[in-house]
Novice: 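Right, I'll just put the structure down here and ask away after.
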Amino acid sequence: MPGMPFSGYVLLSAVLFVAGLVGVLVRRSPLAALMSIELMWGAATLLFVAASRHLAAMGGHVFAFLIVVVGAAEAAIGLALIVLIFRGRDGADVDEVRSLRG
Amino acid sequence: MALPGISDLATLAPWAALAAGALLVIVVDLIVPERHARPWVFATAAAGVLLSGWYAARRLGEAGASAAFAGPAFGGAFLADRLSLVLTVLVLAAALFSVLLAAMDKTRDMSGYLALLLLSALGMTAVAGAGDMTVVFVGLELLSLGLYVLVAFRREDETAREGAFKYFLLGSLAAGILLYGFALLYTVTGDTSLAAVARYARGGAVGPLFHAGFGLVLVGFAFKLAMAPFHPWAPDAYQAAPAPVAAFMAVGTKAAAFVALVRFLWAAVPADPGLASAYMAPVALLAGASMLVGSLGALFQTNVKRLLAYSGIAHAGYLFVPLMSLEPDGLGTAMFYLFAYFFMAVGAFGAVAAAEGRGEPAQLERWQGLYQRHPWLAAAVALFFLGLAGMPPTAGFTGKLLLIGGGLRAGAGWLLAAMVASTGISAYVYLRVISTVYRSGQEPAHSPGALAPMAGGEGPPAAPAVDDENEWETAWARVGTGAVLLLAAAGLVVLGLFPNALLDGLTALLPLR
Amino acid sequence: MSWVVAAATVMTLAGAAGVLRARIPVHAVLALVLNLVGLAALFIALDAEFMGLIQVIVYAGAVMVLFLFVISLLSARNTPLERRPSLLAGQEPLGVAVGALLVAALAGAIFGQPLPEPASIYPGFGTVKAFGAALFYEHVFVLQLAALLLFLAAVGVVVLLGRRGPGR
Amino acid sequence: MEITFWLLVGIPVLPLLGAAATAALRRRASRGMLAAIACSAVALAFACTVAALIRFGQAGGEGVLHAPLWSWGVAGVGLGLIGDSISIWFSLVVTGVGLLIHIYAAGYMADDPDYGRFFAKLNYFIFAMSLLVLADGFVGMLMGWANVGLASYLLIGFWNRRPAAAAAAKKAFWVNTVGEVGLILAMLILLTSSGSLRFADVLPQAGLLPPEVLNAAALLLLVGAVAKSAQLPLFVWLPDAMQGPTPVSALIHAATMVTAGVYLVVRAFPLFEAAPWGMPAVALVGVASAVFGAVAAMGQNDIKRILAYSTMSQVGYMMLAAGVGAYAAALFHFMTHAFFKALLFLGAGLVIHHFHGEQDVRRMGGLGRESPFVYWTFLIGTLALVGAPPLAGFFSKDEIVVELLAGGHTALWVLAVAAAGLTAFYMLRLFCLVFAGNPYRVDASDRGPAEAAAAAEHDAHSAGVPAVQAVPVLLLTILSIAGGWLWVPGLTHVPEAFFEPALARYGSPAPVHAGPVQAKEWTMGALLLVSAAGAAWAVKLFGKSRRADATGGAFARAAEAGFGFDAAYRAAFVEPLRALAGYAGRVMDPQVVDGAVNGIARLAGTAALALGRLHGGFVRRYALVLVTGVTAVLIYFLMAV
């Protein structure tokens, strides 16, 4: 049994999704920004799994699995980029990276 | 429910060849001794692209010959139909040109670069042929992850790292938005295939969850297309990227995301005319905003790559002009324009790459008097920017003409007006580049030719200093760049003068809804 | 609502709040782990055994360790960023305001459409076997793509950090 | 292929080949060679035009020579050339006067280091202009239109190391772009409503379109015409365009390009006649520009700016004629104006050379005694413009004004006659200041270093007028005298007869003569009287002593500043555009050699800095914009769908 009405899961995922979005906007550490993005992706995973259960279809599980796989790859590339940019900087701040503009 | 059959695999030949090329590039690099690896990895990559293109062309031939051409494979997960094949040819051409241009890159280790390029191309074709939301998502990630790394390829350069990081952060954010939109659509349709989305959208009662899912997915695609206001990553990423990568991004990403978005719109826009126009209104708004932001943003740019990025934003907007009524024949027109844009963008970025290879950085003020130092390159710049400005006899003119005709048929009134205004503004941008190139410069301090004695007359300007061992490679790189510029120029003019050759083919081949 | 689901919900929300608020990077990672484990518990409650396992092993296990490695590599010190003056004025209130609007809009969408009660699931739903059937029968194409994606990620990381020596 | 095909194609293509050749050879070939190539290209184009005219005459003078060139696969959209009486008439003037000015320029520009570049651009202009007038549809005309604008931009900014020249070129480009956007929008309307852009398809069915469509199309076309012809209110670029070399001013900004608007109106006259607002709008623009240009010319002190405002005023007469249906008169005045205005500009070039680059009429004088050749030719040009019988301007202006009275447009008639009086005044003022009295003593300390350098450049020429410049001036003088004899009331009526078939093809009704019967006599009398009065007043004021500021302080200052239009435009259009661009991109333009624009940019800098903060390269700001967009899209879908 799901344990809570389906709309509860949808709402929970929406809250997590927006929390991730806001995290990207307000966190100045690049690592925290990346973690916030993980939150968003996790929210989508939750919605897929919940909807799968709700509709008794396995497609959502496959999509959720793909999100996890792709998320791992994405995290690897993202962390590599962060290392490339922020290694050696004294306390990484996303806002300091702005030589490209206009 | 059955395991995929051998026929499914046979239809995949073009894409399998591409994937095999990417894997082989790495393998070849591991096998061949490091000193000789460079030409071999380039040859492998080019061979993969060419083989893939050959398969795709053969499939297209079959498609032209038989009306009952089977498109979908893997139970509809991948639509290997005519639209996919046409787009695959376009992306492969962009990839091939990018491989040829990359020969200018002096970096020793190119295998990673080439593998990523080929895998990105594969991602683009997958996105454009996707019949399932899972394929759209993974394809988009395949192309994006490859491009994040490619933008940062010159990692010694601080701006390259910065551009890649910004692109990555915003791209992941947009991917999250797209994913959540897909999840919302799945919540109401119960299946990940676009066919199910289409059934639901035509089934009558579409509700707020479907609206919201549509909106989020639209934003996700608009981000990849760099449509305003989801564009700010593009100028940074294009400026940071090596010119060959920027060319590939500009054409490939735009084309793939455009086709995928069109497929999505065909599936998800409800049949009810009132709802359909309400669904298309934000698309029109994004397109119009892109045209104006693109042309205004380009006005005062001093970096040529950044300028071309803004130009790409405007061009993404133009593509939607004939599609406002979602009629299939509008797609033929838009695809024609994509081909025209392919020649212009590859040519323009190719000129940037060629200039960089000759020690002329992509700063507009440094291009002053380019025609004295490199007359042929200057002529190429003039031709490609005239094309971007929409001047005859280039395909830029013909393409715009066709777009306008398509827009008139689609009834895109104010969008046409925005296009005209944007074209007017950007004409100044492009002509400024041309007039800079053709303005006599003060003698450039960095050009060895300036110091040469007068007795020799007008010899070709001396090449920038290169290592002796590089000379042979440099010569090949010149040949590659020259070939790209020549082909792009020829394509631009031929397509401008004889549009019907391609247009008839496109309208005959392209699938109807 | 069973107490397991309630606890898991609280865990995910608390984890998310931690990611948003934690001043010290390691704390943020731990908060994210809390969130991911909560999600895994919810998956199991939703009869998605396999997804629950994957979530714990891949995400909470492997990826989070990667984060910790990077934190130590960057030698991010314990002085939190947020103590320093921000270059960007007004970003936080604007971000929170937009976020609030977005939650309201999504909630409107969720409650604007009546959702039916859950369907009864067939036996074996969400098990590894059912999952494998779905993946290899219906979604084998995308599986191939995902395999290439992992290959790409490996090549990409090498291009970014390896082979050619240090980045600077 | 028929010979007519190649004749028509030759008119634009030969100058284009000339442009390519001069551009390619500009470093290798000698100056004489370059000039010879450029001049012979235009001469051949002129020969083609004459031959086409002969073929046209053999065909009975009623048919249309047609050379279809290209079709782009969209119905009704193609490129071709036509030779009917209107386009051949224009083409004769473009290539003929163009040839004379090319020859003159060969001498005038002799010391310029960029000799080849100049002739390449000049040839390119002839190509574009003949394409404009020969095109068989709106598409070809637009191509010519855009290329002419580009050529003008390039030639105004020819001396691109002068900031003022670069700024003037930009200004011309932007105003031109406004006009082009109007033109393209009108074309879109016409293509949707009539399904074609060929003149032969669109114009005959003009009467069948709904009036609101016609109004929109006609007014948008008029925007294009007004921008190109420097009419009120889009004239601001023309006075500044005088920064270009003087032959350019003569060719582009007096004789040919500025009349493209007149060509457009006459070419598309069925549309304007069918549109309820079409003709009144054209006439209104014309009369307002005629009067305004004359008034503004009275207050100018730069010899070329006086002539520029005069051009605006005279083109206003042509518009006015087109606006009351007197197309033949408009085309006739176009031709005579090309003759005498080119003559005046070339004369002004001689004057400027004589005074070592000085362009301020208050610092000239006494030239009459020193150079009788310049004196007499300039006098004939002046009198032709003023409308003294029996010179060219007398007959052509007379035809226009007569039509006004005959058509019953009394108010327009009064204004046109008054403007003729003002014309006489400002031209005689110019003439007296330059040629009468004693030479102005040039004080070297008066000049800035740039002016001194310019003066030094010109010094070599002060000795006399070389033959290469004298011959074109002489020929133009003869044409300014005799050009008007083509249409002498009661004796000849060449233009009327020439254009009659082309105009009748679309069923243009003969002008209604609702006015008094003696319109001819009254008009001629009034024009002569008023012009003589204006001339006499000017001679009285400026003829003997030097009284340069006699036009009155405040008025002169206002006129000098273009009556505030420049400032108003800057406030209304330039600044917002810059601010917008600052939002979308960034503000500074250090690359363009353009101090003036940088000045404006610095002014806008403060505002742009505030706007620039919106992005400023912060990735979190990008994200905020993105998320705001997402929220807006979602709210739209939930509230509005």
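All chains are named by letter (A, B, ...) in the order of the sequence lines, taking the proteins before the strands, and each is independently numbered beginning at 1. Predicted, not measured: the structure shown is a model, and the values here were computed from it.
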Novice: Determine the minimum heavy-atom distance between C:Leu34 and C:Ala14, stating which atoms define it.
Specialist: CD2-CB, 4.2 Å

Novice: Quick one: what part of A:Leu11 sits under 4.5 Å from any heavy atom of chain C, side chain, backbone, both or neither?
Specialist: both

Novice: At their closest point, which heavy atom of C:Val56 faces which heavy atom of C:Ala40, and how far apart are they?
Specialist: CG2-CB, 3.5 Å

Novice: Are C:Tyr122 and C:Phe125 close enough that their ring centres sit under 6.0 Å apart?
Specialist: yes

Novice: With chain C as the partner, which of A:Val22, A:Leu79, A:Val10 has the greatest number of non-hydrogen pairs under 4.5 Å?
Specialist: A:Leu79

Novice: Please give me the minimum heavy-atom distance between C:Ala45 and A:Tyr9, naming the atom from each residue.
Specialist: CB-OH, 4.4 Å

Novice: I'd like to verify something: which residue of C:Leu39, C:Leu145, C:Val63 has the highest number of heavy-atom pairs under 4.5 Å with chain A?
Specialist: C:Leu39

Novice: What pairs with C:Gln55 under side-chain hydrogen bond (donor to acceptor under 3.5 Å, both in side chains), at least two apart in sequence or on another chain?
Specialist: none

Novice: Does any backbone or side-chain atom of C:Leu32 lie under 4.5 Å from a heavy atom of chain A? Answer side chain, backbone, both or neither.
Specialist: side chain

Novice: Given heavy-atom pairs under 4.5 angstrom as the criterion, report whether the side chain, backbone, both or neither of A:Leu66 touches chain C.
Specialist: side chain

Novice: By a 4.5 Å heavy-atom criterion (distance strictly below it), what part of A:Ile77 contacts chain C: side chain, backbone, both, or neither?
Specialist: both

Novice: Who passes ring-ring contact (aromatic ring centres under 6.0 Å, His included) against C:Phe131, sequence neighbours left out?
Specialist: A:Phe65, C:Phe50

Novice: Just checking heavy atoms, which of residues 97-105 of chain C are less than 4.5 Å from chain A?
Specialist: C:Gly99, C:Leu102, C:Val103

Novice: Taking all non-hydrogen atoms of both residues into account, name the closest pair between A:Met4 and C:Val5 and its distance.
Specialist: CB-CG1, 4.1 Å

Novice: Do A:Glu38 and C:Asn35 have side chains that get closer than 4.5 Å, going by heavy atoms?
Specialist: no

Novice: Do you know which of C:Val142, C:Val4, C:Leu143 has the most heavy-atom pairs with chain A at a distance under 4.5 angstrom?
Specialist: C:Val142

Novice: Under the rule for side chain to side chain contact (heavy atoms under 4.5 Å, CB included), what residues qualify as partners of A:Ala64, not counting sequence neighbours?
Specialist: A:Thr45, A:Phe48, A:Val49, C:Met51

Novice: Work out which heavy atom in A:Ala33 is nearest to a heavy atom in A:Arg27; give both atom names and the distance.
Specialist: N-CB, 4.4 Å

Novice: Report which part of C:Val29 has an atom under 4.5 Å of a heavy atom belonging to chain A: side chain, backbone, both, or neither.
Specialist: both

Novice: Mind checking whether C:Glu138 and A:Val62 have side chains closer than 4.5 Å, heavy atoms only?
Specialist: no

Novice: Could you tell me which portion of C:Ile110 (side chain, backbone, both or neither) has an atom closer than 4.5 angstrom to a non-hydrogen atom of chain A?
Specialist: side chain

Novice: For chain C, which of A:Ala57, A:Gly60, A:Gly78 has the most heavy-atom pairs under 4.5 Å?
Specialist: A:Ala57

Novice: Is C:Leu106 close to chain A through its backbone or its side chain, or both, or neither, when contacts mean heavy atoms under 4.5 Å?
Specialist: side chain

